[in-house]
Amino acid sequence: MSDSNIREYNPAEIEPKWQKFWLENKTFKVEKDETKPKFYALDMFPYPSGSGLHVGHPEGYTASDIICRYKRMKGFNVLHPMGWDAFGLPAEQFAIQTNTHPAIKTEENVNNFRRQIQSLGFSYDWDREINTTDPKYYKWTQWIFKQLYNKGLAYIDEVNVNWCAKLGTVLANEEVINGRSERGNHPVEKKPMRQWMFKITEYAEQLLEGLEDLDWPEGIKEMQRNWIGKSIGAEVDFVVDGHDEKVRVYTTRPDTLFGATYMVLAPEHSLVLKITTDEKRAEVEEYVSAAKFKSDLDRAESKEKTGVHTGAYAINPVNGEKIPVWISDYVLVSYGTGAIMAVPAHDTRDFEFAETFGIDIKCIIEPNTAEAKAGDIDVASVLAGKACWTGNGQLINSANDDGLELNGLEVKDSKKAATEWLAARTLGEEKVNYKLRDWIFSRQRYWGEPFPIAHMEDGTIKVLDDEELPVTLPEMEDFKPYETGESALARAEDWLEYTCPKTGMKGRRETNTMPQWAGSCWYYLRYIDACNDEEAFGKEIENYWMPVDLYIGGAEHAVLHLLYSRFWHKVLFDLGIVSTPEPFQKLFNQGMILGISYKDQRGFLVANDLVDEKDGKYFHKETGEELEQLPAKMSKALKNVVNPDDIVNEFGADSLRLYEMFMGSLEATKPWDTKGVEGVNRFLRKAWNFVIDADGNIRDCIKPDVELSKESRRVLHQTIKKVGNDIEEFGFNTAISQMMIFLNEFAKVKEIPKSAVEDFVKLLSSFAPHIGEELWQKLGNTDTVAYAAWPEYNEDFLKLDEVEILVQLLGKPVTKIVVAANAGPKDLEAIALADEKVKSKIEGKTVRKVIAVPGRLVNIVAN
RNA sequence: GCCUGGAUGGCGGAAUUGGCAGACGCAACGGACUUAAAAUCCGUUGUCCUUUAGGACGUGUGGGUUCAAGUCCCACUCCAGGUACCA
């Protein structure tokens with residue numbers, strides 16, 4: 001292929017050419033370089049699914065690629081890697097169905113993803129490509145597990161897991177939606193199983209505090225805070241009447257102790273059977289066993305309060321009152337102490353329960369009248385115990401003979417007073433609780449990282465030595481899990497057998513594997529030193545690259561992935577293995593791209609292949625019913641998925657990249673419109689024709705030694721400034737607009753300095769790198785444009801000599817005046833008041849005030 | 001229910017953070033070129049009234065602050081995402 005043949009803009013020709021060039025020349029290979037500032041830009045690596053890339057992937061990748069290309073041209077040493085999060089359930093399901101090793105399908109998918117990603121011209125350093133299923137990678141995942149284990153953060157526990165009989169597998173919480181499996185919508189039940197757990201709860205406070213200094217979207221930080229769910233309250237002991245037993249409850253409202261009219265234990269609470277009276281025993285046992293078999297689905301479907309009185313009574317420590325002890329499944333055994341004091345007057349759940357079972361409701365807070373009115377609550381009803389009040393107010397009926405006097409206090413003051421009183425009498429103490437639970441870190445699957453663990457004959461658990469890593473997956477043919485839920489590994493007899501190389505003791509390997517989170521918890525560290533066979537990553541080089549300066553990905557990972565990897569990172573930090581307390585300094589979430597869809601009169605979505613268009617209206621092919629067009633999530637079922645390959649084939653990768661950035665702001669959810677791709681494609685053709693004539697040569701009007709008019713020069717410098725600033729602020733859509741404005745302006749220019757054309761090509765190359773490189777080369781440059789210096793702008797050239805100023809009378813436009821750009825408020829006022837139009841308008845009126853804003857407007861207040 | 005976003009022409013979206021709403025693009029309409037079409041180029045395009053000139057209205061709804069509000073404050077409606085008996 002000879003370059004001189006390229007006359008018209010032809011992405012099909014130039015794009016593969018430059019992709020090949022970048023790969024062969026390792027243009028984006030990067031090494032540690034102390035002479036340059038470093039910039040680590042990370043994309044959330046994809047799960048290489050069988051259906052390939054969808055248009056949502058390249059959105060975030062394009063944004064980070066533009067920033068990387070910009071940063072390189074600005075002199076930064078840029079680390080920009082890509083890899084594959086390739087363990088996962090779909091590959092295993094496929095393996096089970098076809099009896100082929102999941103690695104085969106995985107490799108196929110990875111190759112397809114790599115091809116697709118490379119066809120979009122991203123500037124990744126491919127020498128750092130990683131794959132979580134590669135033993136060279138998961139050796140170090142296992143090694144990091146060891147670090148956590150040795151720090152005492154991993155343990156085995158018998159816990160209830162989500163068992164899906166239909167899929168024959170255990171599902172992660174995130175794979176269960178409303179009690180049904182995300183894949184296939186099958187029922188899911190709770191089943192106790194032996195699991196590996198991580199004590200992430202030990203890091204709850206650190207994970208919460210660490211959020212403070214991160215440059216993350218506030219919404220994401222808030223979601224993490226909610227997930228961690230810190231609350232400050234008190235634990236209080238209630239003596240059970242006629243027993244030695246005390247029941248400890250957790251409450252965030254110690255101020256409402258005087259309003260406690262009953263108590264509730266979770267059905268699983270250890271004291272339930274001890275305190276139950278004989279006449280209630282049968283009833284209680286029945287409720288407890290029913291609760292055990294109640295699935296999440298049942299719980300999710302029914303919000304009706306149920307429960308049984310145990311027959312026992314507890315003594316309220318503040319007033320000695322006997323209150324009944326109930327059991328109910330609205331109290332969770334896993335949160336707090338698994339028992340609560342119930343204050344129906346001031347807790348909506350307790351109120352519902354008390355109403356259902358006719359338990360006393362005793363008001364002890366007189367609602368703040370303004371708040372009650374705003375919330376549409378009748379104060380009299382609250383005082384009478386007929387309504388529930390959870391807001392602010394003054395305490396009433398809350399005093400005892402033992403020095404506790406809360407009456408008249410506001411809620412926030414009374415909490416402290418009550419807690420102090422309890423603590424002084426050792427009846428309770430202040431207590432902090434977190435919603436965050438320990439992390440179930442094992443899956444009963446084949447296709448995951450094996451644990452570096454063996455269960456020895458003598459009953460001990462052995463962590464394998466570093467020399468024994470990696471523990472690789474055995475070759476198998478049947479990947480179905482056991483009926484018991486144990487993974488297929490339990491069938492790999494040779495593999496299961498373990499002999500300690502030092503002592504010769506025999507053991508059985510762990511048959512659980514790690515969840516998909518494992519590989520993605522630390523991949524950003526491996527990229528730093530991806531080919532290191534000696535360590536997970538070198539300490540010095542980690543110190544150079546970390547933290548990640550920019551992490552771009554979808555908001556669906558807002559909580560789990562980001563929380564889990566922050567947890568691992570904090571552990572590694574405490575162990576001195578990494579140098580920063582947080583992994584991701586800045587986070588940006590790209591929005592979702594929706595497809596075009598149609599809904600009928602009833603509001604049901606209709607698949608796109610059933611829709612006919614006629615005169616701009618849409619009709620159902622079968623029923624003829626008129627349909628309404630609307631954006632909806634892309635899905636195979638609706639047949640509205642846009643495949644990037646098709647867009648690349650029709651318009652080229654540069655057009656796809658540009659369109660995805662031009663659609664709207666990066667974080668917004670926005671609908672795909674292929675017509676819009678035509679628009680940016682037109683822009684790229686204009687950009688080509690701006691530089692290249694019909695014969696494929698540089699246009700004659702581009703000369704090395706001509707000068708621009710002041711106005712054209714201003715537009716050039718304005719464009720340089722705006723594109724750079726917009727990239728820094730993720731305003732890619734407006735940066736593209738500005739480049740369009742530049743071309744519109746320069747279409748009229750008769751003689752163009754070559755330097756101006758080169759400046760434009762450099763700006764464009766960060767967004768549309770293929771056309772950028774091609775034009776750069778055509779302009780006679782021999783080096784890649786990827787490392788050319790980003791153009792500078794001159795603030796002086798941006799200034800206008802004269803500006804148009806709007807003159808308003810009482811905020812309504814009257815006229816426009818042209819004044820010197822540097823005219824001050826006094827000048828503006830004088831010129832405006834001297835204007836004929838203004839004069840006639842204010843004639844006979846008194847000028848009360850004149851507001852003059854230089855460069856903007858003059859507003860005359862006259863009446 | 002709670003938390004977090006959001007609502008601007010026929011459509012996607014701009015708006016220097018309080019200063020001419022609708023940049024840029026799409027679509028539509030008119031014109032040029034063409035045997036014709038496509039492509040390309042030029043022009044028009046928020047709505048309504050009006051012959052023009054011009055005028056009125058206009059950023060989800062209702063109120064407020066201000067010389068000036070898409071932008072700030074109060075109340076509400078709707079949409080999207082997250083979460084759900086966490087005491």
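Please read these numbers as outputs of a predicted model, since none were measured by experiment. Any value given below was found using the heavy atoms of this structure, including those in side chains, with hydrogens, waters and symmetry copies removed. Order of the sequence lines sets the chain letters (A, B, ...), proteins ahead of strands, with each chain counted from 1.
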**Asked** CD of A/Glu352 versus P of B/G1: gap in Å, rounded?
**Response** 14 Å
**Request:** Given salt bridge (charged side-chain N to carboxylate O under 4.0 Å, His left out), test A/Lys670 with A/Glu59 step by step and report yes or no.
**Result:** CA-CA 11 Å; A/Lys670 44 213 171 274; A/Glu59 193 193 7; 2.5 Å; yes
**Prompt:** Should B/G58 be called syn or anti, with syn set as within 90° of 0?
**Reply:** anti
**A/Phe683 CZ to B/C41 P, straight-line distance once rounded to whole Å** = 13 Å
**Prompt:** When the distance from CD of A/Glu667 to P of B/G13 is rounded to whole Å, what number comes out?
**Reply:** 11 Å
**Message:** B/G82, OP1 or OP2 - any side-chain N/O from A/Asn226 closer than 4.0 Å?
**Reply:** no
**Prompt:** Choosing from B/G25, B/G13, B/A27, which nucleotide comes nearest the side chain of A/Glu678?
**Reply:** B/A27
**Request:** Please give the nucleotide sitting opposite B/A7 as a Watson-Crick or G-U wobble pair, both distances under 3.5 Å, or none.
**Result:** B/U77
**Nearest-angstrom distance from the residue atom NZ of A/Lys221 to P of B/U83** = 20 Å
**Request:** Indicate, with a heavy-atom threshold strictly under 4.0 Å, whether A/Asn859 touches base, sugar-phosphate, or nothing.
**Result:** base
**Prompt:** Can you tell me how far C1' in B/C11 sits from the matching atom in B/A28, rounded to whole Å?
**Reply:** 11 Å
**Asked** Would you say A/Ser231 reaches B/A87's phosphate, i.e. side-chain N/O to OP1/OP2 under 4.0 Å?
**Response** yes
**Request:** For A/Arg682, report the nucleic acid contact type (base, sugar-phosphate, nothing); a contact means any heavy atom under 4.0 Å.
**Result:** sugar-phosphate
**Request:** Could you give the distance separating B/A37 and B/G60 at their C1' atoms, to the nearest angstrom?
**Result:** 44 Å
**Request:** Please check the phosphate of B/C67 (OP1 and OP2 only) for any side-chain N or O of A/Lys849 closer than 4.0 Å.
**Result:** yes
**Request:** For A/Thr348, answer base if it contacts any base atom (sugar-phosphate contacts may also be present), sugar-phosphate if it contacts only those atoms, and nothing otherwise; contact means non-hydrogen atoms under 4.0 Å.
**Result:** nothing
**Message:** Categorize A/Ile741 for me: base, sugar-phosphate, or nothing, with a 4.0 angstrom heavy-atom threshold over every strand shown.
**Reply:** sugar-phosphate
**Request:** Without swapping roles, check the side chain of A/Lys221 against the backbone of A/Leu214 for a donor-acceptor pair under 3.5 Å.
**Result:** yes
**Request:** State the pairing partner of B/G1; accept Watson-Crick or G-U wobble contacts with both distances under 3.5 Å, and report none otherwise.
**Result:** B/U83
**Asked** Can you check the A/Leu806 CG to B/A15 P distance for me, whole Å?
**Response** 21 Å
**Item:** Criterion side-chain hydrogen bond (donor to acceptor under 3.5 Å, both in side chains) on A/Glu352 and A/Tyr330, from CA distance to verdict
**Value:** CA-CA 11 Å; A/Glu352 284 169 22; A/Tyr330 87 91; over 6 Å; no
**Prompt:** Which label fits B/U17, syn or anti, where anti is any glycosidic angle not within 90° of 0?
**Reply:** syn
**Item:** A/Asp347 (side chain) donor-acceptor with A/Asp350 (main chain) under 3.5 angstrom
**Value:** yes
**Prompt:** Hey, is the main chain of A/Thr306 close enough, under 3.5 Å, to the side chain of A/Ser328 for a donor-acceptor pair?
**Reply:** yes
**Asked** Which part of the nucleic acid does A/Lys686 contact within heavy-atom distance under 4.0 Å: base, sugar-phosphate only, or nothing?
**Response** sugar-phosphate
**Request:** Name the closest nucleotide to the A/Met740 side chain, picking from B/G25, B/A87, B/C3.
**Result:** B/G25
**Message:** I want to confirm an ordering. Mapping A/Tyr434 and A/Gly219 to their closest nucleotides on RNA chain B, which one lands closer to the 5' end?
**Reply:** A/Gly219
**Request:** Rounded off to whole Å, could you give me the CD-to-P distance for the A/Glu556 and B/U4 pair?
**Result:** 21 Å
**Prompt:** Between B/A84 and B/U16, how far is it from one C1' atom to the other, in whole Å?
**Reply:** 43 Å
**Asked** Using purine N1 to pyrimidine N3 plus N6-O4 or O6-N4 for Watson-Crick, or N1-O2 and O6-N3 for G-U wobble, each under 3.5 Å, what pairs with B/U66?
**Response** none
**Prompt:** For the side chain of A/Pro671, counting heavy atoms from C-beta on, which of B/A87, B/C20, B/G13 is nearest?
**Reply:** B/G13
**Request:** Scan A/Val853 against the nucleic acid and name what it touches under 4.0 Å (heavy atoms): base, sugar-phosphate only, or nothing.
**Result:** base
**Gap in Å between the two C1' atoms, one belonging to B/A15 and one to B/C41, rounded** = 30 Å
**Prompt:** Can you tell me the Watson-Crick or wobble partner of B/A21, both distances under 3.5 angstrom?
**Reply:** none
**Request:** Verify the contact: side-chain N or O of A/Arg685 to OP1 or OP2 of B/U40, cut-off strictly under 4.0 Å; return yes or no.
**Result:** yes
**Request:** Using the C1' atoms only, state how far B/U8 lies from B/G58, rounded to an integer number of Å.
**Result:** 10 Å
**Message:** With no hydrogens and no angle check, just 3.5 Å: does a side-chain donor-acceptor pair link A/Glu660 and A/Thr62?
**Reply:** no
**Prompt:** Does a nitrogen or oxygen in the side chain of A/Arg848 sit under 4.0 Å from OP1 or OP2 of B/C67?
**Reply:** no
**Message:** Could you tell me how far B/C42 sits from B/G46 if I compare only their C1' atoms? Round to whole Å.
**Reply:** 23 Å
**B/G13 to B/U35 separation - C1' atoms, rounded to the nearest Å** = 41 Å
**Prompt:** Taking the side chain of A/Asp673 as heavy atoms from C-beta outward, which of B/A14, B/C85, B/C26 is closest to it?
**Reply:** B/C26
**Prompt:** Using 30° and 60° as the class limits, which term best fits the ring planes of A/Trp439 and A/Tyr564: parallel, tilted or perpendicular?
**Reply:** parallel
**Prompt:** Taking atom types as they are modelled, is there a donor-acceptor pair under 3.5 Å from the base of B/C11 to the side chain of A/Lys675?
**Reply:** no
**Prompt:** Just checking A/Gly679: base, sugar-phosphate only, or nothing, at a heavy-atom cut-off of under 4.0 Å?
**Reply:** sugar-phosphate
**Message:** Could you check whether A/Arg225 pairs with A/Glu218 (Lys NZ or Arg NE/NH1/NH2 to Asp/Glu carboxylate O, under 4.0 Å)?
**Reply:** yes
**Prompt:** Of the nucleotides B/G19, B/G81, B/C67, which has the atom closest to the A/Gln808 side chain?
**Reply:** B/G19
**Prompt:** Counting side-chain heavy atoms from CB outward, which of B/A23, B/C3, B/G19 is closest to A/Glu222?
**Reply:** B/C3
**Complete:** Considering only heavy side-chain atoms of A/Glu804, the closest of B/C20, B/A14, B/C85 is B/C20
**Request:** Test for a donor-acceptor pair under 3.5 Å between the base of B/U16 and the side chain of A/Arg856, counting only N and O atoms.
**Result:** yes
**Request:** Could you label the plane-to-plane angle of the A/Phe357 and A/Trp326 rings as parallel, tilted or perpendicular, counting under 30° as parallel and over 60° as perpendicular?
**Result:** tilted
**Distance, rounded to the nearest Å, where A/Lys837 contributes NZ and B/C20 contributes C1'** = 14 Å
**Request:** Give the rounded distance in Å between these two atoms: NE2 of A/His269 and C1' of B/A87.
**Result:** 13 Å
**Complete:** Against the side chain of A/Lys812, the closest entry in B/C57, B/C24, B/C3 is B/C57
**Prompt:** Using purine N1 to pyrimidine N3 plus N6-O4 or O6-N4 for Watson-Crick, or N1-O2 and O6-N3 for G-U wobble, both under 3.5 Å, which nucleotide pairs with B/U40?
**Reply:** B/A32
**Message:** Return whichever of A/Tyr335 or A/Asn744 has its heavy-atom-nearest nucleotide of RNA chain B closer to the 5' end.
**Reply:** A/Asn744
**Request:** Not counting sequence neighbours, list each pair that qualifies as a salt bridge (Lys or Arg N to Asp or Glu O under 4.0 Å) and has a residue in residues 715-738 of chain A.
**Result:** A/Lys721-A/Glu795, A/Lys722-A/Asp726
**Asked** Say you pick atom P in B/G9 and the same atom in B/G5; how far apart are they, in whole Å?
**Response** 23 Å
